[in-house]
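Below is one structure, written out as structure tokens, with a few remarks after it.
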Amino acid sequence: MMFIRKPKATACRLAVAAFVSLFAGLVHAASFTFTAIPDQDESRLTERFGKVAGYLSEQLGVEVTYIPVKSYPAAVTAFRNNQVQLAWFGGLSGVQARKLVPGSEAIAQGAEDTAFKSYVIAHVSTGLSASGGFPEGIAGKSFTFGSKGSTSGRLMPEYYIRSHFNKSPEQIFSRVGFSGDHSRTIALVQAGTYEVGVVNYSVWDDELKQGLVDPAKVRVLWTTPEYPDYQWSIRGDVDATYGQGFKAKVRKALLEMSAPELLQAFPRSAFVPASNSDYAPIESTAVSIGLMDAP
Amino acid sequence: MNSPAVLFQMEGTSLAYQGREVLRDIRLRVSPGEKVALLGASGAGKSTLLRQLRLQQATQVAWCPQQPGLVPMLSVYHNIYMGRLDVIPWWKNLANLVYPNPVARTAIAAIASQLGIGDQLFTSADRLSGGQQSRVSLGRALYQRRPVFMGDEPVSALDERQADQLLGLMMQQHETAVVALHDVALAMRHCTRIVGLEHGRIQLDCPVSETSEQALLAFYPQ
Amino acid sequence: MNLPPLYPFLRSGFRVQRSAQGMLRTCLLFVVLALLCLPWADISVTTRDPWLELSRLGWGLLTPDFGRPGELILALANTLAFALQGVALGVVGGFLLALGYRFALIRRFSAFIRAIHELFWALLFIQLMGLSPLAGVLAIAIPYAGTFAKIYGELFEEVDPSAWQALPSGTGYLSGFFYTLLPQALRPMMIYTSYRLECGIRSSAVLGFIGLPTIGFFLETALKQGLYSEAAALFYALVLVIVTMRWWLQRRLVLFYLIAALVWLPPKVSLDTALVVRFFTEDIVPSPLRSIQGWSDVLPALERFWPWLNQLWQQQMWAGLTHTMILALLALVCTSVITLLWFPLISPLFGGRWRQAGGHVFLVWMRSAPEYLLAFVGLLLWGPSMLPAIVALALHNGAIIAHLVGRYSEGIRLREDAATGINRHFYEVLPRIFRPFMAFTLYRFEIIMRETAMLGILGIPTLGFYIDSAFSEFRFDRALLLLLLTAMLNMLVDGMARSLRQRLHLSSQPESL
């Protein structure tokens, strides 16, 4: 039970702790706090990441709290306001956060995140199928992204689609929606509500495995080239607050995290080192499609 | 009683208003052709008795309650038309709200001019004086075209001359009538039978010819 | 005999004096405007197999999962705490503003602060103070203060002035106010305030959608993940709290509730001054103007500013403005239809006690269901277009106005021989409720306009959609400009509705927002 600091803690207690900390502890920034929005299954976050908090606390020797947040922008805002010092961001939200908090840096990424990708999926009624190349036929269909601030559900697919057609999505598709979430994207395309959508590959693979995707109704048309995605970012001022070398200790703890029940929360197989420069392509992409102003 | 020899009948009935017994041991029969005036001080139970009588022949009665219950936003025409809502198909009623039915309009215009409100046919009821509102209420009763007229002080908001004239009209247009009145002279002039209520009982029930204005004034203690 | 006049609107000669004339004309105007909008309204039905997802949703509603009562109770407690504190602070602020409601400046200020949706206030405050309790409380309190100011102010205006005029000359304004105006306006103020608390609970729940730990936090996650049984449990809990309000909201307990809310969720905040300064001096300054260091930079910065503004106008503001207007107008007309269909459900004029109780529960359901949920069901059924948005807004707002109209109809006394059924609806009741119905609906127009913001999932680029985008891109300069535009639009609509109400003599019914 080394991962859980209070072995008797029930899910309910963890939830209480999380909320009390969100509003009492965090306001005073008493303990080292992190947040994470996984790319899938956002339910029971406090239960799952409570274990991660326990692990980090053991390793770092300070009290560590997890707070749940609702969206990428909320995570970035909490990071910016120093309500969290460490965050598991998507590629784009990490870039946005580090831009807003000078001195912060990316310290680790998921092993899978060095070469992340998105799928373009379509309802069978479109008659489109995978042909190896870019699916030209998606033009004129109704189309949905995931969340507005998502790297795999918005930024990178939009970039590839824009560069292929040399037009904006609004000009290419009959309608452009934002489902808000990868699972929603799959559900909506499967229902034929939107004809085409883009989705994070790992969410798709996972839902396919669980039998939530009906291959008779929705299928993958195309896989985007690979790009870097999720990463741990940490504020630059943690060494000053928590002692010299704290940042290095955090990085070490993350990279050494090996228990499957911890990694399952993200879900990643392991964490590997990362740096700000790994995400330069993401930033330039965001600038090129107008999601960020040029630095 | 298979023939309509008796329209309304009460044999020792007690009646309550808002949970309080106001009339005891009422024995009353009204036959077709009779014109009955109910007399009594306010609170004597006239309205309660009328309400109960109406329910006995609800489909035969053209009803004119004490509060006219007009719909303020609707015109005189529509308020009169409402007398026949139940016998006309609902879709015709709805269409009539948007565009008046020509047949109904002719009939109602005739009734309205008889009542002296022909000029206000398309005036909203809330713009009418109290007297005019009573006339609309009478108009609705007329338009119902039913054999029995039942009114609860139907002409009390009108001046003496108009009350006389309009009550005469109502009596002439209906075969049978039961009307609560407080004007003894009007009752004597237009009705064939007088029923006097006092202390929760029927104290007097006789043809007009057997009583006098003087005797009837006893129902209205000074 | 005259020909039948083309009745009721097309001809007004011939002694036609209709009290409803002005109102009918206004209604007709709105319907015609809505019809004119239709060609641009982007309504289409494109769905293939919604039934799998819908059956999951339906099954979830039938099998609510109350498996984690701890989380549910916490979320409910937080929801109530935010609502109580926010509404209480709003009452205080609104009351103070109402004292000066005679002054145009204060009226405009109130209109401005209520013109911005509580979600956007929350997004602003979260930027400034992080996810702190105070951010949530203020997000509710500020727009509510604007609304309270208006309603209280109008109630004071409508008080019978004779008591005031009878005061000895030389009585000060405040003494006069507390001895004559306030006592006379107090009762409707209390009624309205308690109604507003219900809205506060809903607002508080919705704030969970952007991260405050209220019931909306879990509801949004459950909906997004397709965990419909969990979503149903949360939704039912919220409905239960609102349905039972008339029993637990006792006047003598209010103070106790408020203290409990303050103890449960102390409105703390820790402000990072550097961040606040940066927010006001940099973040919200239009990006081309940020580089201004001295006078020599001003001209080149302005030269960059106009293209920036122009681009923003063409790409977002204009599209947002037109889509918002079209959507709001169509939703308003549909809301009116829904209202007229549904208010009989709770009206004692149509059906007995059980029917009314059932209708009451149904209307609470419909008005507590987040528009997001309704829009999502519509999206599955009819595909992405303006249609699900219109339906969602119409169902939600129609349920609210139907509730208010139904309550109003309780005061109507009909003749014993009044018609029944559909004849009763159209002849006896509709004309009598038409004036309050119009007043309520015009009040609601402004709110529908604000709520169009919530429907980004449908791919309809309303102003709210772009504001949300600007916040999620951390472009506060754009967000602020779009917010100002939205506020201006809302104030314009509010002003129009106010002058219409005055022209049509629709007295302001306080229970109407």
Side-chain angles (χ1 to χ4, degrees), chain A residues 10-13 15-16 18-19 22-24 26-29 40-43 45-46 67-74 76-78 80-83 96 99-100 123 125 142 144 147-149 170 175-181 183-184 187-188 190-195 212 214 217 291-293, chain C residues 42 46-54 68-71 74 78 123 126-133 208-213 217-218 220-222 224-227 230 265-266 268-270 272 275 287 376 379-380 382-385 456-461 465 468-469 471-475:
Chain A
T10 59
C12 172
R13 271 204 197 157
V16 177
F19 277 110
L22 172 57
F23 277 158
L26 269 199
V27 165
H28 301 301
Q40 54 191 301
D41 190 7
E42 287 179 32
S43 60
L45 289 177
T46 38
I67 59 163
V69 292
K70 197 73 254 184
S71 59
Y72 295 119
V76 174
T77 305
R80 180 187 189 211
N81 284 280
N82 202 12
Q83 286 190 302
Q96 290 170 323
K99 193 181 173 199
L100 289 169
H123 191 260
S125 67
S142 60
T144 184
S147 138
K148 282 175 183 168
E170 288 73 25
R175 187 184 307 278
V176 178
F178 290 90
S179 73
D181 178 80
S183 305
R184 284 294 79 165
L188 289 172
Q190 177 157 290
T193 305
Y194 283 99
E195 295 171 294
L212 292 169
D214 181 355
K217 289 193 172 141
L291 273 181
M292 283 176 87
D293 293 327
Chain C
D42 182 19
T46 48
T47 315
R48 291 176 182 87
D49 352 82
W51 302 113
L52 176 65
E53 194 68 20
L54 282 177
R68 283 176 303 149
E71 182 183 289
L74 269 170
N78 285 335
L123 283 171
I126 288 173
Q127 291 309 321
L128 282 176
M129 26 182 123
L131 274 170
S132 55
F209 280 32
I210 56 164
L212 293 167
F217 187 98
F218 301 97
E220 202 247 7
T221 302
K224 234 161 68 170
Q225 302 290 316
L227 304 171
E230 278 177 30
L265 200 75
K268 285 193 240 173
V269 69
S270 68
D272 181 337
L275 270 184
S287 59
F376 181 69
L379 177 67
L380 285 170
W382 306 304
S385 77
I457 190 176
L458 304 174
I460 303 162
F465 173 86
D468 179 57
S469 296
F471 273 110
S472 73
E473 291 163 20
F474 303 94
R475 286 166 154 163

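Each chain gets a letter, A, B and so on, in the order the sequences are listed, and its residues count up from 1.
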Self-check item: Nearest-0.5 Å distance that lies between atom CG in L291(A) and atom OG in S469(C)
Solution: 9.0 Å

Practice problem: Just do the side-chain hydrogen bond (donor to acceptor under 3.5 Å, both in side chains) check on K224(C) and S179(A) with the steps written out, would you? | Solution: CA-CA 9 Å; K224(C) 234 161 68 170; S179(A) 73; over 6 Å; no

Practice problem: Would you give the length of the straight line joining atom CZ of R80(A) to atom CZ of F474(C), rounded to the nearest 0.5 angstrom? | Solution: 8.5 Å

Practice problem: Drop me the distance from M129(C)'s CE to N81(A)'s CG, to the nearest 0.5 angstrom. | Solution: 10.0 Å

Quiz item: By a 4.5 Å heavy-atom criterion (distance strictly below it), what part of L123(C) contacts chain A: side chain, backbone, both, or neither?
Solution: neither

Quiz item: Within 45 degrees of the axis of the six-membered ring of F465(C) and under 6.0 Å from its centre: does K148(A) put its NZ or CZ there?
Solution: yes

Quiz prompt | K70(A) to F217(C), cation-pi by 6.0 Å centre distance and 45° axis angle | solution = yes

Quiz item: Non-hydrogen atoms of chain C under 4.5 Å away: do they reach the side chain of E170(A), the backbone, both or neither?
Solution: neither

Practice problem: Would you mind checking which part of S287(C) comes under 4.5 Å of any heavy atom in chain A, side chain (CB onward), backbone (N, CA, C, O), both or neither? | Solution: side chain

Quiz item: With only heavy atoms counted, which part of E53(C) is less than 4.5 Å from chain A, the side chain, the backbone, both or neither?
Solution: side chain

Quiz prompt | Side-chain (Q83(A)) to main-chain (L131(C)) donor-acceptor, under 3.5 angstrom | solution = yes

Practice problem: Answer with side chain, backbone, both or neither: which region of I126(C) has an atom nearer than 4.5 Å to a non-hydrogen atom of chain A? | Solution: both

